[in-house]
K.L.:
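Sharing a structure here in structure tokens format.
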Amino acid sequence: MTGTTTTSRYENQKRRDWNTFCQYLRNYRPPLSLSHCSGAHVLEFLHYLDQFGKTKVHTQACPYFGLPNPPAHCPCPLRQAWGSLDALIGRLRAAYEENGGATESNPFGARAVRIYLRDVRDFQAKSRGVSYKKKRKRPKSKISSTATSST
């Protein structure tokens with residue numbers, strides 16, 4: 001198979017995400033052109049997407065705030081998961097440039113969007129009692145390479 005006849009799952013998702021965002025801009029009141037789109041508009045889009053989320057995000061007033069496995073149902077809202085938003089922004093950032101947008105004016109790479117994603121990640125981690133600490137990369141040990149060569 002050649003890459004010209006089939007597109008990857010990533011490319012298909014990127015195209016669908018781009019079409020969804022462009023539709024959002026067309027439905028914006030008043031309609032918004034891509035050239036006038038800013039990081040603030042991207043944040044509004046992310047807030048709009050929350051209504052379709054499937055991740056329970058406990059509020060700080062919830063008795064289950066910080067519990068990874070709550071023992072009962074609560075009225076806390078469903079939101080988009082941080083990982084989904086992060087991947088979405090990555091695809092939209094690439095699609096923006098592929099569709100003629102300049103790297104330096106890419107609204108998906110705006111500082112406000114990066115800060116928002118970081119805040120969502122941190123709050124969702126606290127809400128569910130999960131840590132998103134970066135894992136340190138362990139250097140390749142010489143012991144394992146010498147152990148395999150001697151066996």
K.L.:
Report the distance from atom CG of D119 to atom CD of Q124, rounding to the nearest 0.5 Å.
P.N.:
11.5 Å
K.L.:
I need the T20 OG1 to Q13 CD distance, nearest 0.5 Å.
P.N.:
8.0 Å
K.L.:
Quick one: are the ring centres of H47 and Y116 less than 6.0 Å apart?
P.N.:
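Centroid separation for H47 and Y116: below 6.0 Å.
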K.L.:
Would you call the rings of W18 and Y96 parallel, tilted or perpendicular, taking 30° and 60° as the class edges?
P.N.:
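Taking Y96 first and then W18, their aromatic rings stand perpendicular (interplane angle over 60°).
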K.L.:
Between D86 and W82 (side chain of the first, backbone of the second, donor and acceptor by atom type, cut-off under 3.5 Å), is there such a pair?
P.N.:
no
K.L.:
Between the side chain of K56 and the main-chain N/O of C76, is any donor-acceptor distance below 3.5 Å?
P.N.:
yes
K.L.:
Looking at Q80, is its backbone amide N or carbonyl O close enough to the side chain of T55 to form a donor-acceptor pair, meaning the two atoms are under 3.5 Å apart?
P.N.:
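Not a single qualifying donor-acceptor pair exists.
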K.L.:
Does the pair L85 and L117 meet the rule for a side-chain contact (heavy atoms from CB on, under 4.5 Å), with working shown?
P.N.:
CA-CA 7 Å; L85 294 177; L117 288 174; 3.8 Å; yes
K.L.:
Any chance you could lay out the side-chain contact (heavy atoms from CB on, under 4.5 Å) test for N106 and R93, step after step, and finish with the verdict?
P.N.:
CA-CA 7 Å; N106 192 330; R93 192 172 182 174; 3.3 Å; yes
K.L.:
Quick check on Y48: does its OH atom have over 12 non-hydrogen neighbours (other residues, nucleotides or ligands) under 6.0 Å away?
P.N.:
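No - once you tally the heavy atoms of other residues, nucleotides and ligands closer than 6.0 Å, there are 12 at most.
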K.L.:
Kindly indicate whether the side chain of L92, heavy atoms from C-beta on, has any atom under 4.5 Å from the side chain of V42.
P.N.:
no
K.L.:
Please round to the nearest 0.5 Å and tell me the distance separating atom CZ of R91 and atom CG of N12.
P.N.:
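Atom-to-atom, R91:CZ and N12:CG are 11.0 Å apart.
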K.L.:
Between F21 and F108, is the ring centre distance below 6.0 Å?
P.N.:
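Under 6.0 Å, so yes.
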K.L.:
With a cut-off of 3.5 Å and sequence neighbours excluded, list every side-chain donor-acceptor pair involving residues 30-40.
P.N.:
unit_1, atom_1, unit_2, atom_2, d
S33, OG, S35, OG, 3.1
S33, OG, H36, ND1, 2.7
S38, OG, A40, N, 3.2
S38, OG, H41, ND1, 3.1

K.L.:
Drop me the distance from E97's CD to E104's CD, to the nearest 0.5 angstrom.
P.N.:
8.5 Å
K.L.:
Distance check, rounded to the nearest 0.5 Å: L49 atom CG versus L88 atom CG?
P.N.:
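Atom-to-atom, L49:CG and L88:CG are 6.5 Å apart.
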